[in-house]
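The structure under discussion appears below in the form of structure tokens.
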Amino acid sequence: MPSMTAGSCTFALFGALGDLALRKLFPALYQLDRAKLLHADTRILALAREPGDEAHHLGVIEAGLRKFVSDAQLEPEAVQRFLARLSYVHVDFLDADTYVALAEKVGDAEQLIAYFATPAAVYGAICENLHKVGLTERTRAVLEKPIGHDLESSRRVNDAVAQYFPENRVYRIDHYLGKETVQNLIALRFANSLFETQWNQNYISHVEITVAEKVGIEGRWGYFDQAGQLRDMIQNHLLQLLCLIAMDPPADLSADSIRDEKVKVLKALAPFTADGLTQQVVRGQYIAGYSEGRPVPGYLEEENSNTQSDTETFVALRADIRNWRWAGVPFYLRTGKRMPEKLSQIVIHFKEPPHYIFAPEQRLQISNKLIIRLQPDEGISLRVMTKEQGLDKGMQLRSGPLQLNFSDTYRSARIPDAYERLLLEVMQGNQNLFVRKDEIEYAWTWCDQLIAGWKKSGDAPKPYAAGSWGPMSSIALITRDGRSWYGDI
Ligand code: BG6
């Protein structure tokens with residue numbers, strides 16, 4: 001087994017006092033350190049625009065760590081080791097002069113990782129200023145989403161970055177690709193011949209991908225209202241999941257082999273016709289309702305909201321892939337805020353057996369389903385038909401699970417957060433779990449037609465009560481095809 005410990009590097013985190021850094025990135029770096037996966041010489045530079053006392057800013061980061069890492073995992077020795085790696089540097093992202101102090105801190109470190117946890121609008125300026133102080137040649141650039149808000153703006157950002165960083169040193173984050181079960185999709189599909197032989201329109205009737213969140217906007221109204229659920233979730237996370245389910249087997253596990261196959265899927269996504277836009281796509285916005293038995297406000301009543309907004313907080317749609325493997329197999333995608341539970345799951349519905357010999361009244365439940373649960377309770381379950389036990393049961397069928405629950409099966413192991421995996425991969429220089437420029441652009445091309453269609457129609461999103469599974473029309477979307485959302489619920 002090769003060592004998993006990353007090589008030594010200097011990790012420069014732009015936007016170090018922001019929500020993402022405090023909530024996810026520092027805790028992930030800490031967990032890597034605690035697991036002894038950081039090189040002893042690795043240093044972490046927290047970069048932010050806030051001037052002032054270093055000790056104060058480091059205190060904010062430490063407080064974040066203590067808040068977002070569970071007590072059981074805050075081991076005093078590991079915390080001390082981690083804090084000793086940290087220093088704070090004040091950098092005004094747009095002011096080249098302030099990068100001089102950064103360059104001094106980096107010194108002659110051989111490997112710099114520049115993580116951009118800032119709005120994408122400043123990525124170009126950060127790259128240019130890093131270049132001015134001689135910090136681009138030995139650097140990997142990590143870009144957070146969202147990269148742009150449509151194809152044109154994402155090209156602008158990517159082109160600005162490309163002036164200073166070749167594609168093989170650019171790591172675009174989609175944190176869903178770092179989730180353990182998402183990576184398991186590759187193992188499931190390509191390490192088991194059992195599934196791959198069935199993985200096409202001859203055996204699969206349709207696929208569902210649901211990414212539901214219980215939370216609302218969580219103080220992020222300003223950002224979210226500019227984006228909406230299509231840009232925030234479908235353009236990246238759900239389309240990446242769709243690609244991993246739909247892609248052809250790659251020739252090997254190299255980043256480009258996998259990305260080439262994903263791009264083929266994105267290119268094959270059918271555009272929406274004018275009818276398709278009204279029949280196959282549902283936009284929703286939550287109104288006041290209940291979450292965990294407590295009343296919660298609607299989207300337009302959230303803190304700092306603009307009461308006129310027609311931004312969607314829910315999208316359900318039917319996507320079709322125009323190729324031999326998937327012709328006639330709809331992919332139903334659904335994602336929303338303020339749903340009854342946090343649930344990310346993919347359900348592969350297999351077709352009925354071609355010749356049915358059991359009691360007619362049981363026919364409806366006969367198809368096999370492969371349920372891939374990303375969160376919570378990560379695991380994979382295959383629903384198969386068996387016979388009920390007992391002399392009195394005749395040939396009565398029952399549908400039961402063949403189950404692989406990751407947390408039970410690997411009981412001793414903590415399931416790492418997606419960012420831990422992704423940060424480790426960047427440090428090791430592996431691009432497999434990052435998104436290539438053309439993937440982003442094909443995904444935008446497909447989403448842009450929806451955005452344009454919505455703009456043209458001027459229709460407001462359909463209301464749904466907080467704590468429900470979305471507007472009624474999202475149920476009609478799938479029942480129209482003679483199906484229902486799995487387990488709804
Ligand atoms: C982010 C979105 O990319 O993913 C958020 O910007 C969303 O709006 C989050 O809440 C969901 O991630 P997870 O890992 O909690 O499913």
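Each ligand, and each atom within it, is numbered from 1 in the order the structure gives.
Distances from ligand 1 to the non-hydrogen atoms of Phe224 include no value under 4.0 Å. The shortest separation from a heavy atom of Lys342 to ligand 1 is under 4.0 Å, placing the residue in contact.
Residue-to-ligand polar distances place His175 within reach of ligand 1: an N/O pair is separated by less than 3.5 Å. Note: an N/O pair closer than 3.5 Å links His237 and ligand 1 by distance alone.
A salt bridge links Lys214 and Glu292; the closest N-O separation between the charged side-chain nitrogens and carboxylate oxygens is under 4.0 Å. One finds a salt bridge joining Arg85 and Asp33 here, because a Lys/Arg side-chain nitrogen approaches an Asp/Glu carboxylate oxygen to under 4.0 Å. In this structure, Asp256 pairs ionically with Arg436, as a charged nitrogen and a carboxylate oxygen lie closer than 4.0 Å. Using a 4.0 Å cut-off between charged side-chain N and carboxylate O, Glu196 and Arg189 make a salt bridge.
Here the protein heavy atom with the shortest distance to atom 14 (O) of ligand 1 is Lys179 NZ, 2.6 Å. Among protein heavy atoms, the minimum distance from atom 6 (O) of ligand 1 is reached at Asp232 OD1, 2.7 Å. Ranking protein heavy atoms by distance to atom 10 (O) of ligand 1, first place goes to Glu213 OE1, 2.5 Å. Looking at atom 5 (C) of ligand 1, its nearest protein heavy atom turns out to be Arg220 NH2, 3.2 Å. The protein heavy atom nearest to atom 16 (O) of ligand 1 is Tyr176 OH, 2.4 Å.
Heavy-atom contacts of Lys337 reach the following atoms of ligand 1: 5 (C), 7 (C), 8 (O), 10 (O) (cutoff under 4.0 Å).
Between Tyr286 and Tyr464, the ring planes lie perpendicular to each other; the angle is over 60°, past the 30° to 60° tilted range.
The aromatic ring centroids of His90 and His57 lie 6.0 Å or more from each other. Aromatic pair Tyr332/His206: ring centres closer than 6.0 Å.
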